[in-house]
Structures are given as structure tokens and as C-alpha cells.
Amino acid sequence: MIRPILTLTLAAALLTGCGGGSSNDNGTNAPEASAPATIPAVMSTRSAKQLFGAEQASSPQSAAPYGSYSKGCAAGNVALPETGPTWQAMRLSRNRNWGQPIMIDYIQDLSRKAAQQPGWNGLYVGDISQPRGGPMLTGHASHQIGLDADFWLRPADRLNLSTTERENISSISLRRANGAYTNDNWTRAHHEILKAAASDPRVARIFIFPGAKVRMCNEETGDRSWLSKIRPWYGHHYHFHVRLACPRGATGCVDQAPPPPGDGCADAEAWVNNILNPPPPDPNAPAPKPKREITMADLPAQCVSVLSAR
């Protein structure tokens, strides 16, 4: 994949007074991202996705997420190894297999639990984050602080896929009737993997299509507390999306508000009812406004240091 590179003028501006630095060879004493007094003028109106999308490696700083899931960046991201005993990272050309250390640990833990299910040898892992987080050139609005990850709903029966195979095979859809119900690809193993994923205390939310949430609500006979973290959302029928809470001590990280009390099953039923019986459009609803592209000025000030650290 061809990626844009920073101009010499921009690079010089980035490296002036931005708190960048490098770590020792053994990774110790890595500097933290500091907030510059002002964002360099050459950066303030630049498209953040172009700048972060150009980076090929993580910043040599202490691990820290800055900002929110949809407007932030990540210092000290770690690459998920492309292949492990119970996982494979997919679509390697995207270079989005980077996350905060807590996320990399979570992925490995969950993949070991998935490997205990019949027909699964682990997990196929989709997008996590870019090397330094930030807005992506294409796709997700979130995944910006190294605490989001997508997991394919296709059983990972083979863990020896080649790079070419990982670019060309696809996950499978589990939805029927536009997401109101699950289809015949759904198995009890999906239920158990999602239960294990949501039961981890590090998790804040998991997004999946409404019909899957309703089915799990109807079939769970034990502890139901984990169901509160399973949130219905558009799409998410080829993969489920795990979002971790901000790690303890990550003062620059902005948590999402917690889910409402209860198991959330009634809310998922309402989503399904709206799919099956769509409400009439509101004639007085204002026309949607096009989203403005995120610039560096929209991100936390520490993101300048994250972007410039070498």
C-alpha cells in the first residue's frame, strides 16, 4: 500500500518543541507524550487522517491513549504478532494490527478461550488501530486510541493462512432479515465466545447486530450480567467489535458513558421491532449535515507529540 509522507517542512515543524524522543534499545525509560504549548500552525488545519495514516510504526513513548475512541491517538502502541498459537491478524496490508498493550493482552486471552470451542482453533482478528492511532484513512470513525478491536465471526479453523489468503478470504454474515434475526451460520460457540469476551472486566462494550443480542438474551440461562455489555449496533454481522475501558491511570483517556442499568435485552428487542416495522420518516427532521474532516486542532494536544516522536 502506498502511503503519503510528511513534507520536510511539516516534519521540521512537528519536531520543534513537541516533546518527541526515543526510547532506549531495551524499551525502558520511554518518554511520555507531552502537550505542546501550541499546535504548530502548519499542522492545525491539516487532515489528521492523512498524517496518522502515513505512519508505519508506533511512537517510542510510554503506552498511553489520548482522547476518546473517535477523536484521539495512541502513544506506545504494540503490534499484535501476525500469527500466534490461537490467532491470526487479517488484512495485513492495512497495517491496523496495532493496539495498546492491554488490548494486545486481551486479544491473546480471548483467542485462547475461543480455541476451546468446537470448530474453532482461535480467532481471526480484524482492525485494531493504526501504529499511532488517530483517524483512519478509510473505514472506522473509532479505533483511534488502541482500545478497539474487531473479531471475525468466521470460525478460525485454520491458523496457517498465507498473507495472500488473509487479503482475499472474507468473514461470514450471521444475520437474517436485515439483522432482526440470526441465520444458520450462528452456533452456540458464537454465544460462548461473546460471553467470554464480555465477561472480561477490561471490556466496556461489545457491538453486534440486534438479532444476535436478542438471541443471546433468549438463550442465556445462567449469569446474565455480561449481557449488559453487548450492545446492538448497525452492521456488525460479519464481526463483533470489542471496546476496552480506559486503563487505570490513563488520565488523558476519555471513557464512554457506561451502558444503562440492566441486561439491555428490551433495548435490543426495540431495535429488532424497528427493523421489522420501520417507523415512518419524520418530515420535520433536519437534513443530515456532512461530517467535517478531523484536523489536528480537533485532537488532544498530546497527539502532536505522538505524531512527531522519533
Side-chain angles (χ1 to χ4, degrees), residues 1 3 53 55-58 63 74 76-133 136-140 142-175 183 185-200 202-203 206-209 212 235-244:
M1 174 183 290
R3 297 177 182 269
E55 294 297 330
Q56 298 295 299
S58 62
N77 267 349
V78 177
L80 176 73
E82 295 177 1
T83 297
T86 50
W87 75 85
Q88 283 201 289
M90 309 301 283
R91 303 290 193 264
L92 297 174
S93 64
R94 295 179 178 178
N95 198 26
R96 296 177 179 176
N97 59 315
W98 298 79
Q100 289 287 286
I102 189 174
M103 173 54 84
I104 302 305
D105 288 345
Y106 173 86
I107 291 169
Q108 296 176 1
D109 290 345
L110 181 60
S111 71
R112 285 189 285 269
K113 294 175 182 176
Q116 298 171 11
Q117 295 301 317
W120 295 68
N121 290 321
L123 291 170
Y124 293 144
V125 183
D127 290 350
I128 309 169
S129 186
Q130 297 179 136
R132 303 189 187 208
M136 293 187 176
L137 288 168
T138 59
H140 314 281
S142 60
H143 291 254
Q144 293 193 25
I145 57 175
L147 297 177
D148 293 283
D150 291 340
F151 298 91
W152 284 21
L153 290 166
R154 174 177 181 147
D157 53 348
R158 284 182 54 202
L159 294 178
N160 61 350
L161 296 174
S162 68
T163 299
T164 300
E165 286 176 309
R166 294 186 228 191
E167 294 294 329
N168 293 308
I169 71 166
S170 297
S171 187
I172 58 173
S173 174
L174 300 190
R175 76 174 182 178
N183 62 25
N185 289 326
W186 178 271
T187 66
R188 182 67 190 190
H190 289 99
H191 181 116
E192 294 300 329
I193 290 169
L194 281 154
K195 181 176 181 177
S199 297
D200 192 300
R202 293 170 288 188
V203 171
I206 294 175
F207 302 104
I208 197 164
F209 67 100
H236 293 83
H237 55 102
Y238 285 96
H239 71 272
F240 65 95
H241 173 169
V242 173
R243 173 167 293 167
L244 301 189

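Along the sequence shown, residues are numbered consecutively beginning with 1. As the structure is a prediction and not an experimental result, all values here were calculated from the model.
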For residues [X] and [Y], determine if any side-chain heavy atom of one lies less than 4.5 Å from a side-chain heavy atom of the other.
{"X": "Asp150", "Y": "His143", "answer": "yes"}
{"X": "Val242", "Y": "Val203", "answer": "yes"}
{"X": "Gln108", "Y": "Pro81", "answer": "yes"}
{"X": "Ser142", "Y": "Arg243", "answer": "yes"}
{"X": "Ile128", "Y": "Leu80", "answer": "yes"}
{"X": "Asn77", "Y": "Met103", "answer": "no"}
{"X": "Arg94", "Y": "Met136", "answer": "no"}

> In Å and rounded to the nearest 0.5 Å, what is the CG to CZ distance from Asp127 to Phe151?
Replying inline: 11.5 Å
> Taking atom CD of Gln88 and atom CH2 of Trp152, what is their separation to the nearest 0.5 Å?
Replying inline: 10.0 Å
>> Salt bridge check, Arg166 against Glu82: does any charged N sit closer than 4.0 Å to a carboxylate O?
In response: no
> Taking only residues at least two apart or on different chains, which pairs with a member in residues 79-123 satisfy ring pair (Phe, Tyr, Trp, His ring centres under 6.0 Å)?
Replying inline: Trp120-His190
> Residues in side chain to side chain contact (heavy atoms under 4.5 Å, CB included) with Thr163, at least two apart?
Replying inline: Leu92
Backbone of [Y] reached by a side-chain donor or acceptor of [X] within 3.5 Å:
{"X": "Asn95", "Y": "Pro131", "answer": "no"}
{"X": "Asn121", "Y": "Asp157", "answer": "yes"}
{"X": "Tyr124", "Y": "Arg158", "answer": "yes"}

> How far apart are the closest heavy atoms of Ala74 and Gly146, and which atoms are they?
Replying inline: CB-N, 4.2 Å
> Pairs in or reaching into residues 100-124: which pass salt bridge (charged side-chain N to carboxylate O under 4.0 Å, His left out), with residues at least two apart or in two chains?
Replying inline: Asp109-Arg112, Asp109-Arg202
> Do the rings of His241 and His236 sit parallel, tilted or perpendicular, given the 30° and 60° boundaries?
Replying inline: parallel
